[in-house]
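All heavy atoms count here, side chains included; hydrogens, waters and symmetry mates do not. Counting starts at 1 for both ligands and their atoms, following the listed order.
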Amino acid sequence: MAIRLGDEAPNFKAKTTLGEIDFHEFLGDSWGILFSHPADFTPVCTTELGRTALLQQEFENRNVKVLAISVDPLDKHQQWVGDINETQHCFVDFPIIADENREVATLYDMIHPNASATLTVRSLFIIGPDKKIKLFITYPASTGRNFVEVLRVIDSLQLTAKHSVATPADWKHGEDVIVVPAVSTEDAIKKFPKGVNIVKPYLRYTPQPE
Ligand code: BEZ
């Protein structure tokens, strides 16, 4: 069955480049990213994993644990990590699942038969500390994902989780945010001491709360 926003992220046990994991235990109280790539020793995937490794400190700053997956075996993953580190000038220190039996890929609907009968597409799930699915995106094999955008979305999700705000189109960390419709203007004025800019009764901005 398809996974939808708000669903609990299905748990699983898997072999990874850093040993066996239980997904929910691996996440603990952190946010999580589970992302698939089609195959080892392929060019776009090499850049994506390298980029993720180079942004590892940014993920840690946001309390996000990263977990990659493809349907290739562990020994292949391990050889390929050497290539990624060499060519992308990084150090991959997040685990990569070896999902040869496609168990996790099937659980997360990462194989789209009309794109490829056997390989995973580029799916990415963001999971909250409550283990609920907060976001998913799916890209075709030929398009590498934008990991700065992934960080931007995490910033937005984390802000929304703490305050009654949403983020407008193209929002970036530090810019004004939107008061959610569920909060009355009267309450918003009390709740957001930095001020509320009422453009329309339904369109109210406030400076980013933190
Ligand atoms: C890649 O990662 O470069 C790739 C993988 C499968 C199809 C196309 C590109």
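With a 6.0 Å radius and a threshold of 12 heavy atoms from other residues, nucleotides or ligands, Asp29 has its CG atom at or below the threshold.
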Identify all N/O pairs between ligand 1 and the protein with a separation under 3.5 Å and present them as a table of atom names and distances.
residue	atom	partner	partner atom	Å
ligand 1	2 (O)	Thr42	OG1	3.0
ligand 1	2 (O)	Val44	N	3.2
ligand 1	2 (O)	Cys45	N	2.9
ligand 1	2 (O)	Arg122	NH2	3.0
ligand 1	3 (O)	Pro43	N	3.2
ligand 1	3 (O)	Val44	N	2.6

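There is a side-chain donor-acceptor pair under 3.5 Å between Ser70 and Asp40. For the residue pair Ser156 / Thr167, a side-chain donor-acceptor distance below 3.5 Å is found, with atom types taken as modelled.
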For residues 50-58, dump all side-chain donor-acceptor pairs below 3.5 Å to protein atoms at least two apart in sequence or in another chain.
residue	atom	partner	partner atom	Å
Thr52	OG1	Glu48	O	2.8
Gln57	NE2	Asn61	OD1	3.0
Glu58	OE1	Arg62	NH1	2.8

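For the pair Lys76 and Phe41, the NZ or CZ position fails the cation-pi test of under 6.0 Å to the six-membered ring centre and within 45 degrees of the ring normal.
The pair Arg152-Asp155 does not meet the salt-bridge criterion, since no charged nitrogen lies less than 4.0 angstrom from a carboxylate oxygen.
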